[in-house]
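Below you'll find the structure, written out as structure tokens, and then a few comments.
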Amino acid sequence: LAFAGARHMPAPCSAVQAGSDEIQIGDEFTGQVVEINPLSVNVEFKNDKTIFKGNLHLSDMGQSTKGNKAEEFYAIGDSVTASVKEEGKHGRFIMTKNTAWLDKIKNRKPLSDFSVGDTVSGTLLRRANGLYKKWAFFDVGTVVDAALDSSLHNIDSLAAGDTMELKVMEVSNLRIQVGV
């Protein structure tokens with residue numbers, strides 16, 4: 001399984017400087033808006049050791065944004081404080097200001113509590129078809145969901161809510177890979 005913070009399997013990513021090993025799910029950073037898209041803003045975040053780009057979508061801006069555009073909330077150069085939600089594409093991280101999501105992960109285990117070889121119990125949440133693989137996402141009690149490559153493991157008999165034992169195959173501070 002690979003732990004993915006949201007509904008899709010994230011692409012590998014890296015920080016502009018220092019490396020993504022210094023960035024963890026839930027970490028809070030302050031940065032400046034560098035680009036505005038209709039539904040999101042791109043922000044350059046930095047602290048003493050790390051500089052990276054993050055994307056803050058309307059749905060993660062922490063306010064009622066239904067039917068609005070990102071430019072109604074932010075302008076180029078505006079300061080933004082947000083937390084890392086998941087790995088994103090193209091070296092960017094998905095950020096959030098959603099306090100309900102942040103409160104939820106406070107009661108979850110950090111990825112650093114998991115080691116290669118650990119056996120964990122996971123509850124099937126959902127399935128998704130990727131471009132080349134099929135994925136099954138499990139809740140294993142950590143800050144992100146675990147994604148099992150179900151094209152390699154036959155779990156067709158499992159339904160949402162079913163639980164199974166999984167083995168941790170790889171761990172980073174942003175995701176975990178496990179197998180059956």
Non-hydrogen side-chain atoms of [X] and [Y] separated by less than 4.5 Å:
| X | Y | value |
| --- | --- | --- |
| T81 | E28 | yes |
| V120 | V168 | yes |
| R127 | L158 | yes |
| V43 | V34 | no |
| V116 | M169 | no |
| V80 | T30 | no |

For [X] against [Y], the heavy-atom pair lying closest together:
| X | Y | result |
| --- | --- | --- |
| D78 | F73 | OD2-O, 4.2 Å |
| R108 | T142 | NE-O, 3.0 Å |
| A75 | I36 | CA-CD1, 3.5 Å |
| K97 | A82 | CG-CB, 3.9 Å |
| I155 | A136 | CD1-CB, 3.3 Å |
| V41 | A70 | CG1-CB, 3.9 Å |

Classify the ring geometry of F52 against F93: parallel below 30°, tilted from 30° to 60°, perpendicular beyond 60°. perpendicular

For the pair E44 and K53, evaluate side-chain contact (heavy atoms from CB on, under 4.5 Å) and give the outcome as yes or no after the intermediate values. CA-CA 5 Å; E44 184 174 277; K53 292 219 173 142; 4.0 Å; yes

Ion pair D27/K85, N-O distance below 4.0 Å: no

Are W135 and L125 connected into the same hydrophobic cluster when the rule is that any two of I, L, V, M, F, W, Y join if their side-chain heavy atoms are below 4.5 Å apart? no

Worked verdict on H57 versus L39 for side-chain contact (heavy atoms from CB on, under 4.5 Å): CA-CA 6 Å; H57 188 270; L39 299 176; 3.9 Å; yes

As an exercise, state the distance from [atom1] of [X] to [atom2] of [Y], rounded to the nearest 0.5 Å.
| X | Y | atom1 | atom2 | value |
| --- | --- | --- | --- | --- |
| L111 | I25 | CG | CD1 | 6.5 Å |
| D162 | S157 | CG | OG | 7.5 Å |
| T123 | F137 | OG1 | CZ | 15.5 Å |
| K134 | L152 | NZ | CG | 12.0 Å |
| F45 | I23 | CZ | CD1 | 10.0 Å |

Between K46 and F29, does the side-chain contact (heavy atoms from CB on, under 4.5 Å) criterion hold? Intermediate values first, please. CA-CA 7 Å; K46 43 183 131 179; F29 293 90; over 6 Å; no

Which is it for M164 and F138 under the side-chain contact (heavy atoms from CB on, under 4.5 Å) test, yes or no, and what are the steps along the way? CA-CA 9 Å; M164 69 181 296; F138 291 83; 3.7 Å; yes

Does either side chain, that of T96 or that of S83, offer a donor lying less than 3.5 Å from an acceptor on the other one? no

Set of side-chain contact (heavy atoms from CB on, under 4.5 Å) partners for N37, sequence neighbours left out: E35, S40, N42, N55

